[in-house]
There are 2 protein chains.
Amino acid sequence: MIPDQEETLPRSLIDLLWRDHPDAPTAGTRGPRARVSTGDVVEAAVRLADTSGLAAVTIRRLADALDVSTMSIYTHVNSRDDLLVLMADFAHLAMERTPYGRLGWRTRVQRVAESNLAQLRTRPWLHDIDDDRTALGPGTIAKYDHELAALVPLGLTPETCDAALTFVLDFVSASARALRTDPRAGEMAAHWPEWSVRLGAYLGDDFPLAQSVGAAAGEAMGAASSPSLAWDFGLARVLDALAALAPPRS
Amino acid sequence: MIPDQEETLPRSLIDLLWRDHPDAPTAGTRGPRARVSTGDVVEAAVRLADTSGLAAVTIRRLADALDVSTMSIYTHVNSRDDLLVLMADFAHLAMERTPYGRLGWRTRVQRVAESNLAQLRTRPWLHDIDDDRTALGPGTIAKYDHELAALVPLGLTPETCDAALTFVLDFVSASARALRTDPRAGEMAAHWPEWSVRLGAYLGDDFPLAQSVGAAAGEAMGAASSPSLAWDFGLARVLDALAALAPPRS
DNA sequence: TCTGTACGTCGTACAACGTACAGTGTTCTA
DNA sequence: TAGAACACTGTACGTTGTACGACGTACAGA
């Protein structure tokens, strides 16, 4: 069904993504048995990212965690960039996908939005993986399929359906980005007493709109936006916007 | 007005951001005259990023471009992270800000969206600068002020006004991200003939929704979404959503 | 005018990164 | 039993940000 690789080329990313599929090419049977599998590497990398952020996912640290030598990692993964794709697909595959049943599109979309928000909150490193090849993985495709199903009751054309999903997910992604606490927030908070007086002096009476709105919207500290309000507001607007597309009887 | 720094501490980021303001602390007059200024460094860095991407903005290359030694850069900028903030603020300051005149909110918001899109298209490296401290800079504040003014005719509360602007800008940012051509797109295209048949084999009859919508929405190549449709669709939805908030007479 | 001090500049050095390359030893196949 | 295929490893290269100390220049106060 799938043509064999000629010779012993490294398994390409797509085969690594689908490594659990029955048709996926398996490594040859010769040589010593692998002490770790590609899946093990990916899982360990995800664990590392979950606990210490994506910057901590270095080949050396990963090898340490798996108790193999640094270069062994490259037996199971072609490059760090490929590894990131595998990690993202792993995370997508792990997302819950309970069927929607008789739910209306509003509840469905809300569920999609909230589950994506939860995902990006628990695995903020997904924001830092921006590789189109992720779209080829089984987890990403399963996620796409399930989320498209949420929009079916709206009765849109395929192109519009894709655009609408993109619209929803882009909103969630941007909101989750804002919700993420900047690692530099500590420094910001530490210097804030000093910086705020300086900023006030610099601003003077300029930018009245920015100053009043920024003061009203911002909290005590420097962060000039209150993210949770933005989420509620934005989600309501997204649902409103989709409602305008919906058939009257729904 | 602004208290002097005690001793000779490095100028903090906020003073560097406001370096053109009359009240900004100037460096002491002793020692040899600086061969380059902080502004020169920032401009050179922006030029580098514009032509070769943010990854090309390394301290060494920057120093080469300015014809000074590597470590001299640190005389004018405290760290690479700080430099990125200065670059972002420089880019924001450079954006056009023509007054809105008698324009209605719809046209205004459309202008804001389109100018931000243009900005992110010509300087895609702005996507890679995600530092809350950027909000302290004069360019960023001026941009914020000008964009808030677009929403004034909607007559919203300050908090809602801020949330609405965030909503618009988040949409633009996400769309611009999708429009950006992945540097790995070449590899994707190169392997596509091989990968598409493999993917087809793996998929089989699974994920019918994803397959039909993906095929319809996707183009000939791998990219599974058509970004310009997403832009038109999304912008229309954003405007619809805001219209629901507007006073009837507008 | 002389001197101390603040300041710009520079070379060297270090730790960490991804990964190319050249082995070494193990296991199945012919 | 010979050979090929495979997992694994150590060393090494080029690159990054930047800490540190030395050196020279220019102004401030004596």
Side-chain angles (χ1 to χ4, degrees), chain A residues 4-11 15-16 25-41 45 48-49 52-87 128 131 183-184, chain B residues 4-11 15-16 25-41 45 48-49 52-87 128 131 183-184:
Chain A
D4 282 357
Q5 301 259 120
E6 18 163 339
E7 303 291 332
T8 309
L9 287 175
R11 277 177 294 175
D15 292 326
L16 255 29
T26 149
T29 58
R30 296 221 259 254
R33 263 184 317 218
R35 294 170 45 195
V36 299
S37 69
T38 301
D40 293 336
V41 172
L48 254 176
S52 315
L54 199 59
V57 180
T58 70
I59 304 294
R60 276 172 246 257
R61 270 198 271 257
L62 194 51
D64 272 8
L66 288 166
D67 208 53
V68 294
S69 81
T70 303
M71 292 307 292
S72 271
I73 299 296
Y74 289 100
T75 307
H76 311 286
V77 146
N78 295 317
S79 67
R80 186 174 184 272
D81 277 3
D82 278 20
L83 175 64
L84 297 188
V85 173
L86 296 173
M87 289 171 66
D128 303 321
D131 193 316
R184 282 166 287 261
Chain B
D4 282 357
Q5 302 258 120
E6 17 163 340
E7 302 292 332
T8 309
L9 288 176
R11 277 179 291 175
D15 293 325
L16 255 29
T26 149
T29 58
R30 297 221 256 255
R33 261 181 320 213
R35 294 172 45 196
V36 299
S37 69
T38 300
D40 292 337
V41 172
L48 254 177
S52 314
L54 199 59
V57 181
T58 70
I59 305 294
R60 276 171 247 258
R61 270 198 273 258
L62 195 50
D64 272 7
L66 288 166
D67 209 52
V68 293
S69 80
T70 303
M71 291 309 290
S72 272
I73 299 296
Y74 289 101
T75 308
H76 310 287
V77 145
N78 295 318
S79 67
R80 186 174 184 272
D81 277 2
D82 277 19
L83 174 64
L84 297 188
V85 173
L86 296 173
M87 290 171 66
D128 303 322
D131 193 316
R184 281 168 287 262

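First the proteins, then the strands, lettered A, B, ... as listed; each starts at 1. Source: prediction; values computed, not measured.
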Between [atom2] on [N] and [atom1] on [X], what's the gap in Å once rounded to a whole number?
X: L62(B); N: dG17(D); atom1: CG; atom2: C1'; answer: 13 Å
X: D64(A); N: dA16(C); atom1: CG; atom2: P; answer: 12 Å
X: R35(A); N: dT27(C); atom1: CZ; atom2: P; answer: 13 Å
X: D67(B); N: dT9(C); atom1: CG; atom2: P; answer: 12 Å
X: I59(A); N: dT15(D); atom1: CD1; atom2: P; answer: 20 Å
X: R11(A); N: dA5(D); atom1: CZ; atom2: P; answer: 16 Å

Are any non-hydrogen side-chain atoms of [X] and [Y] less than 4.5 angstrom apart?
X: L54(B); Y: L84(B); answer: yes
X: M87(B); Y: L83(B); answer: yes
X: D40(A); Y: H76(A); answer: no
X: V77(B); Y: I59(B); answer: no

Scanning both residues in full, the closest heavy-atom pair of S69(A) with A63(A) reads O-CB, 3.5 Å

What one should report as the nearest heavy-atom pair of A45(B) and V57(B) is O-CG2, 3.6 Å

Side-chain N,O ([X]) to OP1/OP2 ([N]) below 4.0 Å:
X: S69(A); N: dC8(D); answer: no
X: R61(A); N: dC17(C); answer: yes
X: R60(A); N: dT9(D); answer: no

One should read off an interatomic distance between S72(A) OG and L62(A) CG, to the nearest 0.5 angstrom, of 11.0 Å

Identify all pairs in which a protein N or O lies below 3.5 Å from an N or O of nucleotides 25-30 of chain D, and state each distance.
from, atom 1, to, atom 2, distance (Å)
dA28(D), O4', R30(B), NH1, 2.7

Ordered by number, residues from residues 72-87 of chain A within less than 4.0 Å of DNA chain D (heavy atoms) are S72(A), T75(A), H76(A)

Using side chain to side chain contact (heavy atoms under 4.5 Å, CB included), reason through I73(A) and L66(A) one step at a time and then give a plain yes or no. CA-CA 9 Å; I73(A) 299 296; L66(A) 288 166; 4.1 Å; yes

CA sep, side-chain torsions, deciding dist, call: T75(A), V68(A), side chain to side chain contact (heavy atoms under 4.5 Å, CB included): CA-CA 11 Å; T75(A) 307; V68(A) 294; over 6 Å; no

Checking dA13(C), dC20(D), dC17(C) against the side chain of M71(B) (C-beta onward), the nearest is dC20(D)

Assign each of A34(A) and T58(B) the nucleotide of DNA chain D bearing its closest heavy atom; nearer the 5' end lies the nucleotide of A34(A)

